[in-house]
Amino acid sequence: MINIAFGFDDNFAPHCAATAASVLANHKIITEEDKIHFFFFCNISDENKEKLLQLKKIQDFKHTFVNIDESEFKGLPLRNGQKVAIYNVLMIPVLIPSEIKKIIYLDSDLIVNKDISQLWNINIDDYPVAAVKDDYKGKPNYFNSGVMILNIPKLKEFGYYDKWKEYVKENTHKMTLHDQDILNPILRLKAFYLPVNWNVHHGIFQTLYENFCKKDSNEFFSFCHIVHYSTKVKPWHALPVHPLKNLYFKYLLMTPWSNNVKKYPAGLKIKCFCKMFFKYWFVHPAFFVKPKFWKEIGKKGWLMTLY
């Protein structure tokens with residue numbers, strides 16, 4: 001059985017469904033051991049639970065819904081309207097049934113573009129966690145927590161739960177990236193680092209994009225085993241900028257939320273563009289006088305350059 005966990009709330013149920021649909025659509029069951037078991041760590045409505053189970057039309061799977069005691073996250077920072085469910089991932093090693101020894105965790109803002117069994121079969125027997133590096137913080141061995149393989153016995157042996165609880169008592173001011181800034185301080189020196197194509201998050205995508213412009217797009221598409229829309233700008237927003245944004249809608253259309261594909265008015269798109277433009281201006285003052293910027297505009301266009 002291939003165990004896969006999600007942590008989300010009602011707001012992200014449609015996006016979790018798209019992620020789960022991408023897992024199922026790209027996975028081949030050869031034996032009973034290859035079957036998917038989804039663990040949904042969430043406090044969501046019965047209606048959304050029923051909709052998630054309709055994904056069995058794509059491929060049959062086992063499922064377990066696990067309720068979260070949100071008091072576990074009391075005092076942890078939330079920014080820009082984010083919900084406490086962003087921390088649900090922290091409770092997976094604690095609440096997972098004792099017979100489960102290994103589980104893949106996936107964020108709900110990504111699409112799996114390969115058979116998940118290839119990720120599952122990576123051996124991490126000697127490590128508590130496996131993940132892809134993320135140089136956003138400029139720290140060696142800092143990892144992105146959007147895709148992880150969790151070795152449950154190793155995490156328990158390490159005293160994972162007590163360590164993250166102890167860490168947050170004095171360090172909430174350091175937690176700009178929420179669960180990622182809790183998991184890294186306690187686990188990054190013990191982690192196994194996965195090939196980058198198992199989590200093509202924003203930092204990696206930006207690095208690879210120049211090659212993407214020059215090469216056959218099919219080659220790049222094949223490279224991205226998991227496409228992670230890891231910034232605040234998501235494919236379902238009014239002004240999606242990710243070149244692989246349509247991959248998200250391909251799988252959303254396989255879910256009961258297929259009618260969530262919206263057409264946004266031009267005025268809202270202009271507003272979003274202006275917001276992105278002035279944010280870029282704030283981070284890169286006087287960028288418009290730099291030849292490099294206009295070269296990037298010519299190569300990538302406005303949206304991808306500002307992204």
Side-chain angles (χ1 to χ4, degrees), residues 2-28 35-44 48-66 68 82-83 85-89 92 103-120 130-132 144-150 178-180 194 197-202 204-205 221 224-237 240 242 244-261:
I2 298 176
N3 306 306
I4 300 175
F6 299 99
F8 60 101
D9 58 14
D10 278 311
N11 291 327
F12 260 74
H15 315 310
C16 177
T19 302
S22 72
V23 171
L24 297 170
N26 289 295
H27 177 57
K28 293 181 181 179
K35 198 169 183 178
I36 301 289
H37 188 160
F38 285 138
F39 289 84
F40 300 108
F41 288 80
C42 57
N43 302 331
I44 62 173
N48 281 339
K49 288 180 180 178
E50 288 294 327
K51 286 184 175 181
L52 285 169
L53 297 185
Q54 289 179 40
L55 296 175
K56 292 187 179 185
K57 294 176 183 177
I58 303 172
Q59 182 184 106
D60 192 30
F61 58 86
K62 289 190 67 177
H63 70 277
T64 302
F65 288 97
V66 183
I68 299 291
Q82 290 168 321
K83 306 297 182 183
I86 199 168
Y87 292 109
N88 285 5
V89 59
I92 291 173
I103 194 164
I104 293 172
Y105 169 76
L106 299 175
D107 269 356
S108 296
D109 59 350
L110 57 82
I111 292 297
V112 177
N113 196 33
K114 279 283 190 232
D115 192 327
I116 199 69
S117 64
Q118 295 179 33
L119 178 61
W120 176 256
V132 170
N144 186 286
S145 64
V147 178
M148 297 184 290
I149 311 174
L150 303 176
H178 307 95
D179 63 285
Q180 192 164 292
L194 298 168
N197 48 2
W198 282 114
N199 184 355
V200 183
H201 55 77
H202 179 260
I204 292 171
F205 188 89
F221 181 78
C224 298
H225 295 356
I226 292 181
V227 179
H228 188 183
Y229 309 105
S230 58
T231 67
K232 295 176 184 176
V233 184
K234 305 298 185 187
W236 55 88
H237 288 171
H242 200 292
L244 298 180
K245 57 185 178 292
N246 288 338
L247 193 61
Y248 164 80
F249 293 105
K250 172 184 174 180
Y251 293 104
L252 182 67
L253 290 172
M254 297 182 186
T255 78
W257 284 276
S258 57
N259 60 355
N260 275 32
V261 180

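- Judged by the 6.0 Å distance and 45° axis criteria, K62 is not positioned over the aromatic ring of F38.
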Step by step, would you call Q118 with W198 a side-chain contact (heavy atoms from CB on, under 4.5 Å)?
CA-CA 10 Å; Q118 295 179 33; W198 282 114; 3.6 Å; yes
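- Put simply, the side chain of V23 does not reach to within 4.5 Å of the side chain of I2, judged on heavy atoms.
- Between the side chains of N26 and Y251, a donor-acceptor pair is found at a separation under 3.5 Å.
- Scanning all heavy atoms of the two residues, the minimum distance from S230 to H202 falls at OG-N, 2.8 Å.
- In summary, of the residues considered (V112, I111, V200, V132), a side chain to side chain contact (heavy atoms under 4.5 Å, CB included) with I226 occurs for V112 alone.
- Other residues, nucleotides and ligands contribute over 12 non-hydrogen atoms within 6.0 Å of the NZ atom of K56.
- Under a cut-off of 6.0 angstrom, the local environment of NZ in K49 is crowded, with over 12 non-hydrogen atoms contributed by other residues, nucleotides or ligands.
- For H63 and F40, the ring centers sit 6.0 Å or farther from each other.
- One distance of note links CD1 of I58 with CE of M254; it measures 6.0 Å at 0.5 Å rounding.
- The two atoms that bring A5 and I92 nearest to each other are CB-CD1, 3.7 Å, heavy atoms only.
- Of all heavy-atom pairs between K234 and P240, the closest is O-CB, 3.9 Å.
- At a cut-off of 3.5 Å, with distance as the only test, a side-chain donor of H228 or N199 sits close to an acceptor on the other residue.
- Contact annotation: the side chain of D107 never approaches that of V89 to less than 4.5 Å [non-hydrogen atoms, C-beta and beyond].
- Residues W236 and Y229 keep their aromatic ring centres 6.0 Å or farther apart.
- Considering only heavy atoms from C-beta on, L119 comes within 4.5 Å of L194 through its side chain.
- A salt bridge is defined here as a Lys NZ or Arg NE, NH1 or NH2 lying under 4.0 Å from an Asp or Glu carboxylate O, and K35 with D60 meets this definition.
- Note that CG of L253 and CG of N260 are 10.0 Å apart. Values are rounded to the nearest 0.5 Å.
- The structure places CD of Q59 at 11.5 Å from NZ of K28, a figure rounded to the nearest 0.5 Å.
- Side-chain atoms of D115 and H27 form a donor-acceptor pair, as typed in the model, at a separation below 3.5 Å.
- For the pair I4 and H37, the minimum side-chain heavy-atom distance is 4.5 Å or more.
- Scanning both residues, C16 and S108, for their nearest heavy atoms gives CB-OG, 3.4 Å.
- Atoms OG1 and CG, from T19 and D109 in turn, are 7.0 Å apart once rounded to the nearest 0.5 Å.
- Here the closest heavy-atom approach between residue P256 and residue K51 is recorded as CG-O, 3.3 Å.
- Take A17 and apply the side-chain contact (heavy atoms from CB on, under 4.5 Å) test, not counting sequence neighbours, and it matches L52, L55, T255, W257.
- Tested against Y248 for a side chain to side chain contact (heavy atoms under 4.5 Å, CB included), the candidates L244, L252, N246 yield a single pass: L252.
- No side-chain heavy atom of L110 sits under 4.5 Å from any side-chain heavy atom of V227.
- Interatomic distance, CG of L150 versus OH of Y105, reported as 10.0 Å (0.5 Å rounding).
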What verdict does the side-chain contact (heavy atoms from CB on, under 4.5 Å) test give for H225 and N113, after you've listed the backbone C-alpha separation in whole Å, the side-chain angles of each residue and the deciding distance to 0.1 Å?
CA-CA 5 Å; H225 295 356; N113 196 33; 5.7 Å; no
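- Contact record, D10 with N43: OD2-O, 4.1 Å, taken as the closest heavy-atom pair.
- Taking CD1 of I86 as the start and CD of Q180 as the end, the distance is 10.0 Å to the nearest 0.5 Å.
- Between N48 and F12 there is no side-chain heavy-atom pair separated by less than 4.5 Å.
- N144 contributes no side-chain N or O that, together with a main-chain N or O of H201, makes up a donor-acceptor pair within less than 3.5 Å.
- Counting only heavy atoms from C-beta outward, the side chains of N3 and F39 approach each other to under 4.5 Å.
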side-chain contact (heavy atoms from CB on, under 4.5 Å) assessment of F8 paired with H15:
CA-CA 9 Å; F8 60 101; H15 315 310; over 6 Å; no
Starting from the C-alpha separation in whole Å, work towards a yes-or-no answer on side-chain contact (heavy atoms from CB on, under 4.5 Å) for N88 and F6.
CA-CA 8 Å; N88 285 5; F6 299 99; over 6 Å; no
